[in-house]
Amino acid sequence: MTTALIYLVVMLLVAAVVFLLAAVVFGRGEELAPLPPGSSPTRLPAEDINGDDVRQVRFQLVLRGYKMSEVDWVLRRLGGELDELRAQVARLEAARPEGAHRRPAGE
């Protein structure tokens with residue numbers, strides 16, 4: 001019984017060493033080199049955010065996924081921009097003359 005337990009422990013240790021060695025040699029499968037600590041690839045324009053800006057957003061990878069503070073920042077910015085656009089649409093619709101009708105989208 002003791003011999004089987006020793007073999008099991010040795011096999012687990014060998015497997016752990018092989019796994020760690022493979023992780024160091026092959027990395028996490030990233031195409032780009034990791035960013036220096038404290039830097040961020042997260043960029044958005046100061047105003048007038050469009051769809052291309054959002055599609056180009058990249059977040060710094062940390063141990064358990066994306067850096068939460070960067071994701072929160074982007075979401076706050078996008079939320080503010082959307083609120084501003086919605087308020088502007090509401091002001092424009094309120095200023096539209098009463099008899100004006102909307103055109104269908106296809107015209």
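Reckoned from all heavy atoms, side chains included, excluding hydrogens, waters and symmetry mates. Bear in mind that the values here come from a model prediction, so they are computed numbers and not experimental data.
- Grouped by direct or indirect side-chain proximity (heavy atoms under 4.5 Å, Ile/Leu/Val/Met/Phe/Trp/Tyr only), Leu8 sits with Leu12.
- Of the options Arg86, Glu84, Arg91, a side chain to side chain contact (heavy atoms under 4.5 Å, CB included) to Gln88 is made by Arg91 and by none of the others.
- The other members of the hydrophobic cluster of Leu13, by chain and number, are Val9 (side-chain heavy atoms under 4.5 Å, ILVMFWY only).
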